[in-house]
Amino acid sequence: MRVTSSLLLASLLLLLLLPSIEMKRPGKGRGLRGARHKLRRDRVKGVGRHSRSGPSKIAAPDCSEFTESRDIYVDCQERRLTSIPTSQTWSKPPKHLLLTRNRIKVLREGAFFGYESLISLDLQQNQISLVEEGAFEGLTHLTTLLLQHNRLTTLSEETLIPMPNLGYLRLYDNPWNCLCHMDSLIRTLQVPSNRNLGNHARCAEPIRLKGMKLKLVDPEILCKETDPIDESQGDGTEPIFPLEPVPIRTKPDATTTCHTYLFPQIRMDCSKRGLTEVPTGIPEDVVHIDLSYNSISHLKPRDFLGAKSLRTLNISNNNMEHMDTASLSGLLHLLALDLSDNKLHSVQYGVLEDLYFLSVLKLEGNPWVCDYSIHYMVYWLRLHPGVKHSGLLCHAPLEHVGESVEEYVHSYNRECPKDRQRSRTDPDETDPELWNTPMEVQGELEEELEPSHLRVPQKYQIIRLS
């Protein structure tokens, strides 16, 4: 009986303990494994998580680092970034950070933490509509900040305070709302010592100030400005503003029309801007200009007169038909000129005379006409054998189509055309009485009597073409 009771008691205890054992068994070690799994999951998530200062290393895997003039550049242009990469991404602290043509919309406080060595920051052509007050904190060495071509409507002076060495600030092509909240920024831009801060930036609102440069706006009226809707009178009529004359601008301005990149060399991208003429105001220190894919039909004198430092000029894929003699005047240091894919028939005499150091000349894609007007181009190329040129083929007249222009000119000089031999004869050659005049005989005698070793070589050779 006691044995039976003991067995029953043991069975009951076993039955009571079994569910708890079964419940624990599936979860044995689950807490530790779960924690590890969660940690791994968080780490994976953390790789792509963006802090307030920007994304981690993997956010900008395609950015390139390079060194020029001992300065370290980080090129993150056109990488579809939505925020600033962390400074730990790079092998060395960069001095120049290029972030143009991305998708950055907001610059958060501390966005450039770790970038204390920066001296230039290029943020143009993004979608930036908000810059928090401490976004540029720590950039005490920054001298150049490019914020043009964004969506900024307001910016405070406090945003610029962390950059005491800032000397070059670009803000144009933003829809600035010139009301009271812009008071501190406009006053800062108008300080005489800040002559390179905010040039060309203009108000987009309110209507009365639209188009006015920030540097010319009277700060005293900013806080008096109200929205035109609030100024409408109770009768529902539109508010009346005093009409101001709109300044006449005969030519587009290069600074506001084109995209300017300062580093590593100053270049202007004016391609695909719908230009019908060369824009005015090209900075004298610009090194490269791209004017391709526009509708420029005529290069006029002094178009590039101020671009004294220009090294490369691309005017390809326009509708250019004519280049005036002085159109390239002053480009003494130009190394490469691209005139391809235009409508040029010839190049006027003297156009290329200032291009002393030209080494590359692209001419393909033009309907070159092989007549006497094309000779100047060939003669100039012969006098400048170091110039690599391409695409100089005859497109007219029919008998010379596909022929090299150089070969055409060579054959022209080798054998004068018969139709020219019959016409335009020189009277001096047809009148026998004028053949052996005293002057002509004297010249021939002097030439024969002069010793050959004393004859000075002629600098120019005159060839008479009938």
Taking [atom1] in [X] as the centre, count heavy atoms belonging to other residues, nucleotides or ligands within less than 6.0 Å. Is the count above 12?
X: Arg302; atom1: CZ; answer: no
X: Tyr293; atom1: OH; answer: no
X: Arg382; atom1: CZ; answer: yes
X: Leu398; atom1: CG; answer: no
X: Tyr349; atom1: OH; answer: no

With side-chain contact (heavy atoms from CB on, under 4.5 Å) as the criterion, how do Lys362 and Asn314 come out once you've worked through the C-alpha distance, each side chain's angles and the decisive distance to 0.1 Å? CA-CA 9 Å; Lys362 296 183 179 180; Asn314 184 358; over 6 Å; no

So that I know where these two stand, are Tyr412 and His375 an aromatic pair - ring centroids less than 6.0 Å apart?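 Under 6.0 Å, so yes.
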
Can Leu381 and Val387 be said to form a side-chain contact (heavy atoms from CB on, under 4.5 Å), step by step? CA-CA 7 Å; Leu381 289 171; Val387 178; 4.3 Å; yes

What class does the angle between the rings of Phe136 and Phe112 fall in, given that below 30° is parallel, 30 to 60° is tilted and above 60° is perpendicular?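 Parallel.
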
Fit a plane to each ring of His333 and Phe357, take the angle between them on a 0 to 90° scale, and name the class: parallel (under 30°), tilted (30 to 60°) or perpendicular (over 60°).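 Rings of His333 and Phe357: parallel, under 30°.
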
Tell me which one of Asp75, Thr144, Asp71 satisfies side-chain hydrogen bond (donor to acceptor under 3.5 Å, both in side chains) with His96. Asp71

Hydrogens and angles aside, do [X] and [Y] bring a side-chain donor and acceptor to less than 3.5 Å of each other?
X: Asp324; Y: His298; value: yes
X: Thr100; Y: Gln77; value: yes
X: Glu406; Y: His389; value: yes
X: Gln348; Y: Thr325; value: yes
X: Glu284; Y: Ser309; value: no
X: Arg170; Y: Tyr168; value: yes
X: Tyr115; Y: Trp90; value: yes
X: His400; Y: Glu403; value: yes

Is a side-chain N or O of [X] found less than 3.5 angstrom from the main chain of [Y], in a donor-acceptor match?
X: Lys215; Y: Leu189; value: yes
X: Asn102; Y: Arg79; value: yes
X: Asn150; Y: Asn126; value: yes
X: Asp122; Y: Gln124; value: yes
X: Arg202; Y: Leu214; value: no
X: Asp183; Y: Cys180; value: no
X: Gln190; Y: Val217; value: yes

Take Glu133 and Arg108, measure what salt bridge (Lys or Arg N to Asp or Glu O under 4.0 Å) needs, and give me the verdict at the end. CA-CA 8 Å; Glu133 192 169 304; Arg108 300 291 184 188; over 6 Å; no

Arg103 and Glu78 ion-paired at < 4.0 Å: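 Between Glu78 and Arg103 there is no salt bridge, as every charged N stays at least 4.0 Å from the carboxylate O atoms.
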
Non-hydrogen side-chain atoms of [X] and [Y] separated by less than 4.5 Å:
X: Ile84; Y: Ile104; value: yes
X: Cys178; Y: Met212; value: no
X: Asp341; Y: Asn366; value: no

If you look at every heavy atom in [X] and [Y], which pair is closest and at what distance?
X: Ser117; Y: Pro93; value: OG-CB, 3.4 Å
X: Glu364; Y: Ser390; value: OE1-OG, 2.8 Å
X: Met163; Y: Thr159; value: CE-O, 3.8 Å
X: Val347; Y: Tyr376; value: O-CD2, 3.5 Å

Report the C-alpha distance between Leu313 and Leu331 in whole Å, list the side-chain angles of each, state the deciding distance to 0.1 Å, and finish with yes or no for side-chain contact (heavy atoms from CB on, under 4.5 Å). CA-CA 10 Å; Leu313 175 60; Leu331 302 184; 4.1 Å; yes

Between Leu209, Ile186, Thr153, Leu171, which is the residue that forms a side chain to side chain contact (heavy atoms under 4.5 Å, CB included) with Trp176? Leu171

Derivation of the side-chain contact (heavy atoms from CB on, under 4.5 Å) call for Tyr261 and His288: CA-CA 10 Å; Tyr261 305 95; His288 311 282; over 6 Å; no

